[in-house]
Every structure is written in C-alpha cells, then in structure tokens.
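Quick note: numbers below take in every heavy atom, side chains included, and nothing from hydrogens, waters or symmetry partners.
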Amino acid sequence: MTLPGQFSDPRVITLFGLLALSAAVWVALGLRARARRDRARTPLERIWHPQETVALTPAEEQVFGQVVSRLSLSSAGRLR
C-alpha cells in the first residue's frame with residue numbers, strides 16, 4: 001500500500017517515525033520520573049533506637065559526652 005502524494009516520500013515517513021518514537025520515550029521517562037517522585041514521598045519506616053526507651057545513668061551520659069567531645073571538630077576544622 002502506498003501513501004498518496006508527499007507522504008510517500010521516505011524522508012517524511014522517517015520524520016513521522018522519529019517523532020512518534022521520541023514522543024513515546026518522552027512519555028515513558030515522564031511516567032518513570034513521576035513514579036520515582038511518588039515513591040520518595042512515602043515516609044520511611046521509623047527506626048527504633050535504644051535511647052528512646054532506655055534512660056541513661058549519669059555515668060553513661062558523662063562517658064557519652066566525652067566521646068562526643070572527642071569527635072567534635074577542633075578550631076582548625078579537623079577531628080581531635
């Protein structure tokens with residue numbers, strides 16, 4: 001089956017084919033990006049941490065503070 005007139009030119013058929021292909025890719029990538037954004041909006045599962053329910057003793061709090069102070073940055077911007 002041949003197309004009438006100017007639509008029988010192979011360049012026109014190639015142009016329409018490329019336009020259809022690019023439109024399909026554009027729609028597919030848009031749907032994929034939308035799905036990724038929707039998935040990112042869902043809240044993460046809450047992670048339980050032992051300090052939320054277990055009270056630290058004063059000695060444990062002091063040791064924890066010492067560890068944190070060693071890990072804090074010095075005035076030069078490096079770890080102590």
Side-chain angles (χ1 to χ4, degrees):
M1 179 178 139
T2 59
L3 297 172
Q6 59 188 347
F7 292 109
S8 62
D9 187 2
R11 292 176 294 183
V12 175
I13 295 171
T14 304
L15 176 66
F16 283 131
L18 287 174
L19 287 173
L21 180 65
S22 64
V25 169
W26 181 70
V27 168
L29 291 177
L31 291 174
R32 186 176 176 191
R34 177 182 287 180
R36 192 177 304 128
R37 280 193 309 267
D38 289 344
R39 190 177 16 191
R41 287 185 194 146
T42 58
L44 298 175
E45 290 185 23
R46 191 155 176 351
I47 299 173
W48 176 82
H49 194 275
Q51 289 181 356
E52 292 180 357
T53 55
V54 178
L56 296 178
T57 64
E60 290 172 331
E61 287 182 8
Q62 182 180 3
V63 171
F64 179 75
Q66 290 173 353
V67 170
V68 169
S69 68
R70 284 189 211 135
L71 294 177
S72 63
L73 297 177
S74 65
S75 61
R78 295 188 216 130
L79 289 176
R80 295 179 190 179

Result block: side-chain N/O donor-acceptor pairs under 3.5 angstrom for residues 57-65, not counting sequence neighbours:
unit_1 : atom_1 : unit_2 : atom_2 : d
Thr57  : OG1    : Glu60  : N      : 3.2
Thr57  : OG1    : Glu60  : OE1    : 3.4
Glu60  : OE1    : Thr57  : N      : 2.9

Taking side chain to side chain donor-acceptor pair (under 3.5 Å) as the test, write out the residues that go with Arg11, two or more places apart.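 Side chain to side chain donor-acceptor pair (under 3.5 Å) check on Arg11 returns Asp9.
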Could you list the donor-acceptor pairs under 3.5 angstrom formed between side-chain atoms of residues 20-32 and any protein atom two or more places apart in sequence or on another chain?
unit_1 : atom_1 : unit_2 : atom_2 : d
Ser22  : OG     : Leu18  : O      : 3.1
Ser22  : OG     : Leu19  : O      : 3.0

